[in-house]
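Please read the structure below before turning to the comments.
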2 protein chains.
Amino acid sequence: MKYNTTAYAILGILAIHPHQSGYEIRRTIQQTVGFFWGESYGQLYPTLRRLAAEALITEEPSSSTGARKRRAWSITPAGRCLLTEWLAQPYHNDPPRDEFLMKLFFGIEAAPTVSVAHLHRFEQTNRELLATLVELERLARAHNSGLPGFPFWMLTLSYGLAQIRANLAWSKSALATLHAINPGEESISHSAN
Amino acid sequence: MKYNTTAYAILGILAIHPHQSGYEIRRTIQQTVGFFWGESYGQLYPTLRRLAAEALITEEPSSSTGARKRRAWSITPAGRCLLTEWLAQPYHNDPPRDEFLMKLFFGIEAAPTVSVAHLHRFEQTNRELLATLVELERLARAHNSGLPGFPFWMLTLSYGLAQIRANLAWSKSALATLHAINPGEESISHSAN
DNA sequence: ACACACATGTAATTGGTTACATGATTTC
DNA sequence: GAAATCATGTAACCAATTACATGTGTGT
């Protein structure tokens with residue numbers, strides 16, 4: 001059997017926090033690893049079914065009934081075993097495709113304001129993400145600092161923070177460079193982006 | 001008509017360096033924007049055909065004949081116009097899925113050496129990439145510094161260098177953290193990864 | 001003659017998003 | 001009883017990779 005990464009994401013999330021519904025799993029993913037991982041329902045629910053069919057997760061008994069009732073899941077020993085196995089395999093990231101950098105690379109083919117607008121949006125996005133991660137760190141320290149996984153969570157968080165700070169420092173200098181190339185355009189729209 | 005990003009990548013590459021074959025376009029992409037963009041033949045050749053059918057690129061006449069002869073392409077005015085239009089649109093990056101960070105996040109579920117091994121590989125990959133980008137910068141400064149797109153190319157390059165340096169600084173401290181949590185395991189295999 | 005780099009292309013598969021359809025529960 | 005949020009699921013679509021099949025030109 002071969003599983004996609006979504007399967008392991010589900011197993012991992014249920015390993016550190018069991019008894020969650022598909023909806024909750026997705027929200028947990030967004031709130032904890034959302035800055036480097038995303039899942040859609042279209043991927044999540046079918047994978048959940050498959051994991052259940054292979055007894056890697058089990059459905060918890062529920063009081064309510066009905067077609068669209070909440071269904072809570074937990075990881076089984078077999079699921080935990082598979083997760084551990086997967087973790088030990090070398091990671092594999094597919095080659096990045098960064099449209100922002102692509103548009104910047106071809107910047108000379110566009111009007112001078114275009115690249116500046118992209119950079120402003122990049123800067124803004126990173127500022128917002130920085131605030132999110134700082135808040136996430138505060139919450140994690142307050143509520144999860146005793147849990148065994150905590151040091152690893154902090155590692156990914158500090159990675160995110162380091163990236164964002166590098167991004168912000170770079171975008172500042174990049175904007176300065178563009179301004180030097182094309183002076184006197186400072187009052188141009190942020191609204192284009 | 002809607003085009004995928006591959007189409008714009010091709011248009012952009014042909015805009016700055018015309019008269020290239022599919023094979024050459026791919027190699028150019030690898031050598032210039034390879035650290036943030038990749039293209040496979042399975043995507044490249046069909047897109048090339050489509051762009052030609054819509055007169056956004058044209059085939060240059062060729063001396064040789066045969067089933068597998070070299071076919072060189074150049075961008076048309078219509079293609080350049082479309083590229084410029086696309087550049088002005090807000091960029092869109094789909095949510096990242098970083099398996100390395102995912103495995104690190106779930107690190108507590110694995111043997112202590114596992115995360116250390118992942119980090120070593122991460123460090124090694126980044127060291128190699130750093131060397132590649134430093135060399136790329138040297139070559140670009142030597143051969144392309146007079147070209148109009150040069151400042152934009154340097155912008156993406158300095159982005160890449162900033163990322164890599166942040167990665168290396170972070171991975172060093174991350175390894176120190178893991179070592180503090182789990183001392184006395186320093187002689188463990190790199191070979192696991 | 002052989003190897004290697006150059007070169008074109010397709011078929012099968014996968015991994016994933018988006019949009020849609022629907023229902024349950026809570027809160028005002 | 002309306003609105004918001006919680007909740008499950010499917011169908012259509014798409015972008016992209018991988019593996020494969022094949023051929024050409026150059027240098028040793």
task = Flag the pair A/R71 and A/E59 as a salt bridge only when some basic side-chain nitrogen lies within less than 4.0 angstrom of an acidic carboxylate oxygen.
result =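 Salt bridge: yes.
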
request  = Before accepting this row, confirm whether a basic side-chain N of the pair A/E123/A/K172 lies closer than 4.0 Å to the acidic partner's carboxylate O.
outcome  =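 Looking at A/K172 together with A/E123, the answer is no, because their closest N to O distance does not fall below 4.0 Å.
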
Length of the line joining [X]:[atom1] and [N]:[atom2], which is rounded to integer Å:
{"X": "A/R70", "N": "C/dT26", "atom1": "CZ", "atom2": "P", "answer": "11 Å"}
{"X": "B/L48", "N": "C/dA7", "atom1": "CG", "atom2": "C1'", "answer": "12 Å"}
{"X": "B/H92", "N": "D/dA15", "atom1": "NE2", "atom2": "C1'", "answer": "12 Å"}
{"X": "B/Y8", "N": "D/dA15", "atom1": "OH", "atom2": "C1'", "answer": "14 Å"}
{"X": "B/E39", "N": "D/dA16", "atom1": "CD", "atom2": "P", "answer": "7 Å"}
{"X": "B/N93", "N": "D/dA15", "atom1": "CG", "atom2": "C1'", "answer": "15 Å"}
{"X": "A/N4", "N": "D/dT18", "atom1": "CG", "atom2": "P", "answer": "16 Å"}
{"X": "A/L44", "N": "D/dA7", "atom1": "CG", "atom2": "P", "answer": "13 Å"}

Can you find a side chain N or O atom of [X] that sits less than 4.0 Å from OP1 or OP2 on [N]?
{"X": "B/T6", "N": "D/dA16", "value": "yes"}
{"X": "A/R27", "N": "D/dC6", "value": "yes"}
{"X": "A/R26", "N": "D/dC6", "value": "no"}
{"X": "A/R49", "N": "D/dG9", "value": "yes"}
{"X": "A/Q43", "N": "C/dG16", "value": "yes"}

Would you mind telling me which of [options] lies closest to the side-chain atoms of [X]?
{"X": "A/T5", "options": "C/dG16, D/dT10, D/dA16", "result": "C/dG16"}
{"X": "A/E24", "options": "C/dT10, C/dG16, D/dA7", "result": "D/dA7"}
{"X": "B/Y41", "options": "C/dG16, D/dA16, C/dG9", "result": "C/dG9"}
{"X": "A/Y45", "options": "C/dG16, C/dA7, D/dT10", "result": "D/dT10"}
{"X": "B/R97", "options": "D/dA16, C/dG15, C/dG9", "result": "C/dG15"}
{"X": "A/K2", "options": "D/dA15, C/dA7, C/dG15", "result": "C/dG15"}
{"X": "B/P46", "options": "C/dA5, C/dT10, D/dT10", "result": "C/dT10"}
{"X": "A/Y23", "options": "C/dG15, D/dA7, C/dA7", "result": "D/dA7"}
{"X": "B/S40", "options": "C/dG9, D/dA7, D/dT17", "result": "D/dT17"}

ask   = Looking at A/F100 versus A/F122, is the centre-to-centre ring distance below 6.0 Å?
value =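 Yes; A/F122 has its ring centre under 6.0 Å from that of A/F100.
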
ask   = Between B/D94 and B/G22, who's closer to the 5' end of DNA chain C by nearest nucleotide?
value =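 Mapping each residue to its closest nucleotide by heavy atoms, the 5'-most match is B/G22.
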
message = Please compare B/R71 and A/Y3 by the position of their nearest nucleotide in DNA chain C and report the one closer to 5'.
response =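 By nearest-heavy-atom nucleotide position, the 5'-most residue is B/R71.
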
message = Tell me the closest heavy-atom pair linking A/W170 and B/S158, and the distance in Å.
response =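 Closest approach of A/W170 to B/S158, heavy atoms only: NE1-OG, 2.9 Å.
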
message = Consider side chain to side chain donor-acceptor pair (under 3.5 Å). Of B/E128, B/R121, B/H120, which one does B/Q124 pass it with?
response =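 Per the side chain to side chain donor-acceptor pair (under 3.5 Å) rule, the option paired with B/Q124 is B/E128, out of B/E128, B/R121, B/H120.
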
request  = Assess A/R70 against A/Y23: is NZ or CZ under 6.0 Å from the centre of the six-membered ring, and within 45 degrees of the ring's axis?
outcome  =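 Here A/R70 fails the 6.0 Å and 45° test against A/Y23.
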
